[in-house]
2 protein chains.
Amino acid sequence: MTIRIKDVAAAAGVSVATVSRVLGNGPVSDAVRKKVEAAIEASGYRPNLSARRLRSQHTQTIGLIVSDIRNPFFTNVSRAVEDAAYEAGMRVILCNTDENPDKEAMYLRLMQEERVTGVIFAPTRQTAETLDPAGLGFPVVLIDRAGPSGLNDAVVLDNAQAAELLVEHLLEQGCRRIGGLFGKTSTTGAERHAGFVAALARRGLPAPARFLAPSLEAAEAEVARWLAEPDRPEALIASNGLVLMGVLKAARRAGVAVPDELAVAGFDNDAWTELAGPGLTVLEQPVYEIGRTAMAMLLERLARPGQVARKVVLSGRLVVRGSTRREALPVG
Amino acid sequence: MTIRIKDVAAAAGVSVATVSRVLGNGPVSDAVRKKVEAAIEASGYRPNLSARRLRSQHTQTIGLIVSDIRNPFFTNVSRAVEDAAYEAGMRVILCNTDENPDKEAMYLRLMQEERVTGVIFAPTRQTAETLDPAGLGFPVVLIDRAGPSGLNDAVVLDNAQAAELLVEHLLEQGCRRIGGLFGKTSTTGAERHAGFVAALARRGLPAPARFLAPSLEAAEAEVARWLAEPDRPEALIASNGLVLMGVLKAARRAGVAVPDELAVAGFDNDAWTELAGPGLTVLEQPVYEIGRTAMAMLLERLARPGQVARKVVLSGRLVVRGSTRREALPVG
DNA sequence: ATGAAAGCGCTAACAT
DNA sequence: ATGTTAGCGCTTTCAT
């Protein structure tokens, strides 16, 4: 049926070992290499990667486990990871967990069965805390959310600092009743919440916060409720791009003007944030770089397995736009 | 080193075949099954999928080849495909081609080496025209862009009709100088262009169009140039979500007000289109459904290989928002 | 530089 | 219902 290496060998008049060497750039004389390559070309032979992986014990596969590829942060990270992976001759298996610990466990198990070379993983808080990298059989680089103290390699944003930057900016604009919306299952959410609380506490201000599932729908519903309350906030900080969208949709539905009646700021400088409403003030993460860094760390870890775990902390950049502009805000 | 099936067999006091049967839900007595499952649990055994695939000749893997996962259309399609695939016990390999025919060929070749069960593919026009599904060794379902007459299964939008809907709407709003921006390498672009031309021709109107690479940057640059020309259009139709973003960015940079000085409409009803500017008029594709339909067609094709190729054509829905609102437009 | 042969871990005949 | 065994297609010793 399908052409195997022995068919190519027979056609070229050499042994299967020689064909294998041609395929793997092993030591073969030029004359023989030519003959073999011609036979491969003529037959349309395609090596069977399952067989190669089984025999060589190298799968050249990495797993990328995120909560939802539709979250713009992960969309961009995934593209960066795939670019870097294919450049390094690796393929990527992408998994969406929806922040569901059961799915996380299932996919981690799948990664073991695939005998992946390594995994890049954005875990929920729950999983991050209990993750034992030793028992998995492959190295893990955490992204977006770091696990507990130095057990895993990780590349993350300085989330507390980032949240503080946003709060400071709103304070400078004269806002006082500043509310925050954070993911309830992520470490990211917890860290950003901590920065949010710290920055407001320094001024002796309250830090009203809501925790929610990281989806557009959940955010929109939560914000709609919040805006209907008597002492609604004059500014809102959204912990990720999806939640930020939800804030804007809810404000629009409720007829609350941005920034006149509500200042809005959030995370992730996606293209649309420049175009929405008066332009959205956001904290930009170096998204593509996070993906490539994670991949690079994974490759380094594979090269030096004994090396101590490293955590790369990247800083965000505040991008000020109209959604928090002072002149339009209710001051005092 | 790692635990193999024979280790589990030895621990449970049975043969490897019995363990394999337990794994595959074969006929095994309850008592033995219990014993084996206990041994699996105790040892932390994980089946080696490469070995299983090699032996069984079933990879349970499908390939998803798109131009760029960051294109919101493909982001959503990919999520739908992955959901459906994992439900069917299949893995997905995602590939980004950037509409580069060389990359397309490379990934198609990779799919052969993976011995994938099937592929869902959004090809460039060039590749779509020359694609020989017979020679590939696996079934292909095309999405977004159909190939030539009935050679491949495909699920597509009625692109010409969709473009006509947008044009008709703009005509109703009183626009006359309507420009179009289309992907230069995609069949989608060509089909949408055809509908665009047809709708305008019926009114005896010119149909100025520009063809470009499907990226945010290319669109922004092209539109910036166009808006600077003397007889610039009073309305612009963008052939996909990325290009639509580019139109808006360019208009904003050039200080051209939407919709007062320029009406804007485009494809893909992403969340952000509701929030950008006055809200964007878009043609909504049933995105998630396209992904699931493609997966379903692939599974059907696998079940009935001889079946004649089918093309599922889905209709888009016009979503009217502020970016084309009549009262604000320069009439005549 | 090349070939012969073993075996990666598993499933599927075939036997019992 | 369970065991024995061959072999999926390849890479990798070990010879020569």
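The structure displayed is predicted, hence computed values, not measured ones. Order of the sequence lines fixes the chain letters, A, B, ..., with proteins taken first and strands second; residue numbering starts at 1 for each chain. The figures here come from the full heavy-atom set of this structure, side chains too, leaving out hydrogens, waters and symmetry mates.
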Among pairs that include at least one residue of residues 15-25 of chain B, which meet salt bridge (charged side-chain N to carboxylate O under 4.0 Å, His left out), considering only residues two or more places apart or in two chains?
none
Name every residue in residues 25-34 of chain A that has at least one heavy atom under 4.0 Å from any atom of DNA chain C, in order of residue number, or write none if there are no such residues.
A/Pro27, A/Val28, A/Ser29, A/Val32
Is B/Arg145 reaching over with its side chain to a backbone N or O of B/Leu142, donor-acceptor style, under 3.5 angstrom?
no
Are side-chain N/O atoms of B/Thr127 and B/Glu104 paired as donor and acceptor at under 3.5 Å?
yes
Using a cut-off of strictly less than 4.0 Å, decide whether B/Gln57 has a side-chain nitrogen or oxygen near OP1 or OP2 of D/dG9.
yes
Quick one: which residue pairs count as a salt bridge (charged side-chain N to carboxylate O under 4.0 Å, His left out) with a foot in residues 117-137 of chain A, not counting sequence neighbours?
none
Between B/Asp153 and B/Arg310 (side chain of the first, backbone of the second, donor and acceptor by atom type, cut-off under 3.5 Å), is there such a pair?
yes
Separation of D/dC8 C1' from A/Leu54 CG (nearest whole Å)
9 Å
Between P on D/dC8 and CG on A/Leu49, what's the gap in Å once rounded to a whole number?
18 Å
With sequence neighbours excluded, give me every ring-ring contact (aromatic ring centres under 6.0 Å, His included) pair touching residues 42-71 of chain A.
none
Pairs satisfying salt bridge (charged side-chain N to carboxylate O under 4.0 Å, His left out), at least one member in residues 51-64 of chain B, at least two apart:
A/Glu114-B/Arg53
What is the distance, to the nearest angstrom, from the CZ atom on B/Arg52 to the P atom on D/dG9?
18 Å
For A/Glu99 and A/Thr124, does a side-chain donor sit closer than 3.5 Å to a side-chain acceptor?
no
Rounded to whole Å, the CD-P distance (B/Glu114 to D/dC8) equals 21 Å
Counterpart residues, ring-ring contact (aromatic ring centres under 6.0 Å, His included), relative to A/Tyr86 (two or more places apart):
B/Tyr107
Whole-Å distance, B/Lys6 NZ to D/dG3 P, equals 16 Å
The complete set of ring-ring contact (aromatic ring centres under 6.0 Å, His included) pairs with one or both residues in residues 123-146 of chain B, sequence neighbours excluded, reads none
Counting Watson-Crick and G-U wobble pairs with both distances under 3.5 Å, what is the dot-bracket string for DNA chain C, 5' to 3', using [ ] for crossing pairs and | for pairs to another strand?
||||||||||||||||
Among pairs that include at least one residue of residues 67-76 of chain B, which meet salt bridge (charged side-chain N to carboxylate O under 4.0 Å, His left out), considering only residues two or more places apart or in two chains?
A/Arg79-B/Asp68, B/Asp68-B/Arg70
Round to the nearest Å and state the distance from A/Arg46 atom CZ to D/dC10 atom P.
12 Å
Identify the 5'-most and 3'-most nucleotides of DNA chain C with at least one atom closer than 4.0 Å to a non-hydrogen atom of chain A.
C/dA1 to C/dG9
What N/O pairs connect the protein and nucleotides 12-16 of chain D at under 3.5 Å? Give each pair on its own line.
| residue | atom | partner | partner atom | Å |
| --- | --- | --- | --- | --- |
| D/dT12 | O4' | A/Arg55 | NH2 | 3.3 |

Among all residues two or more places apart in sequence or in another chain, which pass the salt bridge (charged side-chain N to carboxylate O under 4.0 Å, His left out) test with A/Glu41?
none
Is the closest basic N to carboxylate O distance between A/Arg91 and A/Glu82 below 4.0 Å?
no
